[in-house]
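Here is the structure we will look at, set down as structure tokens.
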Amino acid sequence: MTGVINPNVRQNKAVQLDDGVYWVGALDPGLRTFDIILSTANGTTYNAYLIEGSEGFAVVDTVKEEYADVFFSKLESVTDYSKIKYIVLNHLEPDHTGALPELLKRAPHAQVCISQRAQTMLKALLKTGLEDLSYTAVKTGDTLSLGDITLSFLNTPFLHWPDTQCTYLIEREILFSGDVFGCHFCDPRLFNDKVGDFRFSFDYYYAHIMRPFKQWVLEALDLIIPLSLKMIAPAHGPILRDRPRRYVTHYRELSTSSLSGKLGDDEKSLIIFYMSSYGNTARMAEAIYAGIDDVEGVRVSLYDLQGGETDPFVDLIEEADALMFGSPTINGDAVKPVWDLLSSLVVVNLKGKLGAAFGSYGWSGEAVGMVEDRMRGLKMRVPTPGLRIKLIPTDEELEDCKLFGREIAGILVGKNQNRGKIIEMAEL
Amino acid sequence: MAKAKVTFQDIDLTVSVPVGTRVIELSEKIGSGIIYGCRECDCGTCMMEVTDGWNNLSNPTVLEDKVLKDNMAGRHQRLACQAQILGDCTVKPA
């Protein structure tokens, strides 16, 4: 193993990746939890890069603050600060900007280049001592010259913050991708053809960081795919120099719906999840299910939360067009399995999905309203007040459930009962 | 009290409201796809497109203007948590 570790990695010297391109990042092998939500079995790396042109240097990203010394030592092994012309920030999260305040002190003349959306965040992140900070906001297609080489920018927002961008070194065909194509995997051998098996870490990182932003990933890939790629240099984990395009293809696969191929062209997917204590909410769910099934163009699925686990349900929810949750009210609250599911959705994008709630209750029936509020909080739209039935549903009430199902399904397929209607606000 | 009609294009529903009502006060109740984040003119999540009657909404405040700019809003885009309905208009999620 020692044979493939460049001694510079540990000796605080820059590691050359290509002609005039250096890794000046830091290893953090002891990290086990990142950002509260991510675990990592063997740490991470904070990858920063130094690019040398005939007219000066550009730094791409920095490192977490506590690793600033390593970063500066590596920088100083190649150049002195007076030659740094640009500081490019692909992403402003503190693990990449921790050394920025100090870098700005050492290279005060350097021009900071950030995305358009990063402008307000930069000042909020770096609160002190930067009153005079000047920066250039760049967008897709903007370029920077370092004499014989050129950096070109790709605006790739929401991967995974609004500010994110990628930077492409045209002459060397290297993409500095920020968190995209990154992972928490620390291996001093640095390169994907030398490090250990990091497939799990790569997919895990995607699943927790990029997954809620699949649509933005696909838009970014549209910009990245036309590029010639000799190497992808992400902000965490192995540097992808061996067949980098494989990772681009893999990102596309991970970001593409697996359900769409199984549904008809205009067909929508609706999933009902329910939990029942005495079978009353279950009966409602079945009647709603039957009602929805009458509506053409909707593929409905029915799941009893008691018989499943959260993770596969999250996968189903991600691809559904509409979701219905049924919960009885117990002690004035929706039941725990419903909350467990509704609090496990941070990794998927629910924005704009149609939602509805229902449930049987004994006294006051708060669960339905609480679940509706939660769905709105998750940025779903909840067009119809939920259906609550006191204790055991009668045949008539089960008929109401069917109608409720049909109504929601109708809204989903655009059979809009409002069509052209005018109502008074007081009626709401 | 003067009234105005606001049409939510995505669900094809028109609501007659007292002049001065904010879009946020009714869009969720009727199930329009306009969605909200902070609800206080900071995040830009509730961006909507005004497809008709652009001049019949209250002028953006300095703060809304800033959020619109930060979020690269188009010319006829507004924040639903801020815009007040002053006359007939049509809106939809941006």
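Below, chains carry the letters A, B, ... as their sequence lines are ordered, and counting in each starts from 1.
Side chains of E93(A) and H160(A): a donor on one and an acceptor on the other come within 3.5 Å. The closest side-chain donor-acceptor pair between S32(B) and D10(B) falls under 3.5 angstrom. A donor atom on one side chain and an acceptor atom on the other are found under 3.5 Å apart for S364(A) and E366(A). Between the side chains of H96(A) and D179(A), at least one donor-acceptor pair of N or O atoms lies under 3.5 Å. In summary, the side chains of S115(A) and D163(A) do not present any donor paired with an acceptor at a separation below 3.5 Å, with no hydrogens or angles considered.
Contacts of T45(B) with chain A are made by side-chain atoms alone, with heavy-atom separations under 4.5 Å and no backbone atom involved. For S27(B), no part sits under 4.5 Å from any heavy atom of chain A, backbone or side chain.
The contact list for residues 55-70 of chain B toward chain A, using heavy atoms and a distance under 4.5 Å, reads K66(B), D70(B) by residue number. Of all residues spanning residues 72-94 of chain B, those with a heavy atom less than 4.5 Å away from chain A's heavy atoms are M72(B), arranged by number.
Counting heavy atoms from C-beta outward, T164(A) and N90(A) have side chains that stay 4.5 Å or more apart. A 4.5 Å side-chain heavy-atom check between L154(A) and Y168(A) finds at least one atom pair inside the cut-off. Contact of the F8(B) side chain with the T14(B) side chain is not registered, since no non-hydrogen atoms from C-beta on lie closer than 4.5 Å. Using a 4.5 Å heavy-atom cutoff, the side chains of K351(A) and I35(B) are in contact.
Ionic pairing of R381(A) and E28(B) is not present here: no N-O contact between side-chain nitrogen and carboxylate oxygen is shorter than 4.0 angstrom.
Most heavy-atom pairs under 4.5 Å with chain A: of the set V6(B), N71(B), T7(B), I30(B), this distinction falls to I30(B).
The backbone N or O of N155(A) sits less than 3.5 Å from a side-chain atom of T140(A), completing a donor-acceptor pair.
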